[in-house]
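The next block holds one structure in the form of structure tokens; read it before the comments.
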Number of protein chains: 2
Amino acid sequence: MSPIELLNTHHLRKTQFREKVLDIFLRHDRALSHRDIESQISEADRITLYRTLRTFEEKGLIHKAIDGSDKLKYALCAGHCDVHAHHDHHAHFHCASCGQTFCIDEVQPPGIQTPPGFVVESTHLIFNGRCALCAN
Amino acid sequence: MSPIELLNTHHLRKTQFREKVLDIFLRHDRALSHRDIESQISEADRITLYRTLRTFEEKGLIHKAIDGSDKLKYALCAGHCDVHAHHDHHAHFHCASCGQTFCIDEVQPPGIQTPPGFVVESTHLIFNGRCALCAN
DNA sequence: AGCACACACGCAACAATGTTGCATTAAAAA
DNA sequence: TTTTTAATGCAACATTGTTGCGTGTGTGCT
Ligand SMILES: [Mn+2]
Ligand SMILES: [Mn+2]
Ligand SMILES: [Zn+2]
Ligand SMILES: [Zn+2]
């Protein structure tokens, strides 16, 4: 998938800025924070990036990667997410040492055990520890 | 458990401010954000509250309730947490409607399925949906 | 009770993160 | 190419969190 293909598929205007942002996501196999991305675009406008990320999330190009850290991160959606539904039913791993966050597509959150009266709409499973590099 | 008992047990100085904060926690059966607490203490000092919450967390009186929202929340530790170890192995429920977060003590995160090379130290399980009140 | 010490508090100053409004510019449609 | 629509860039502001430092308070000891 190229940046332009992703924008086409999700019916978004093709702009230089959006292509740059998607290019950065495609070159990393981990979740990225606002800051991660901003520091890789020369002359990036903070505000535009906030709006770009929000749009990408709404349209199903990226999903929030909840990792228990104070920073909000996003990762590329693997499959067929769109404006109507996200399907990111996988765990996330957060390294307490280097701060990196990875999607663990193989591990799914457990079957929903609903507490009485509560309606569960989505589930997040987060592993916190040390990544392969930091564990040694 | 009273505020004073909690402070004694965890070897912390008994101050008016700390007692007020613990009193608020004891009167709510849900996780509270910095803002939730601040708005219930007249003439609360923001900075002191930040430091109070950090101290309580370090000493094992409260634990962070990761709920996937942008706000950091804390809840009273149920059992025998202390400065050396927290034992909050339970799920959290976050209501997307009213924003409240509850500890679900009965539900534990699943047995750790370690991705190769990664070392897992803790696990968080978050249910997102609608609470009993908001579901109707 | 009085004293000394350690620690908690309160305030200022600053940093990081996120939002809104609006004029300008660029992309898509006509 | 012209028109229409949406994205961008900038200012201004709001929220959240951190650090340094002088002052006040709780606690243990005499
Ligand atoms: Mn993911
Ligand atoms: Mn909890
Ligand atoms: Zn790491
Ligand atoms: Zn609710």
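The sequence lines fix the lettering, A, B, ..., with proteins before strands; numbering per chain opens at 1. Any value given below was found using the heavy atoms of this structure, including those in side chains, with hydrogens, waters and symmetry copies removed.
Residue order along DNA chain D, read from the 5' end via each residue's closest nucleotide, puts B:Lys71 first among B:Arg13 and B:Lys71. Remark on DNA chain C: of its neighbouring residues B:Gln16 and B:Arg46, the 5'-side contact belongs to B:Gln16, judged by nearest-heavy-atom nucleotide. Heavy-atom nearest nucleotides on DNA chain C were determined for B:Phe17 and for A:Tyr50, and the one closer to the 5' end corresponds to B:Phe17.
Taking 4.0 Å as the cut-off between side-chain N and carboxylate O, B:Asp67 and B:Lys73 count as a salt-bridged pair. B:Glu121 and A:Arg130 are joined by a salt bridge, as a carboxylate oxygen and a charged side-chain nitrogen come within less than 4.0 angstrom of each other.
In this structure, A:Thr55 reaches neither bases nor backbone, as no heavy-atom distance under 4.0 Å exists between it and the strands shown.
Side-chain contact, B:Ser2 with B:Glu5: a donor N or O sits under 3.5 Å from an acceptor N or O.
An OP1 or OP2 oxygen of C:dC9 is reached within less than 4.0 angstrom by a side-chain nitrogen or oxygen of B:Thr52. In this structure, B:Thr15 does not reach the C:dA8 phosphate: none of its side-chain N or O atoms is under 4.0 Å from OP1 or OP2.
The number of heavy atoms from other shown groups lying within 6.0 Å of CD1 (A:Ile47) is above 12.
A heavy-atom distance below 4.5 Å is not found between the side chains of A:Cys81 and A:His63.
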Polar atom pairs (N or O), protein with nucleotides 20-23 of chain C, under 3.5 Å:
| from | atom 1 | to | atom 2 | distance (Å) |
| --- | --- | --- | --- | --- |
| C:dG21 | O6 | A:Arg51 | NH1 | 3.4 |
| C:dG21 | O6 | A:Arg51 | NH2 | 3.2 |

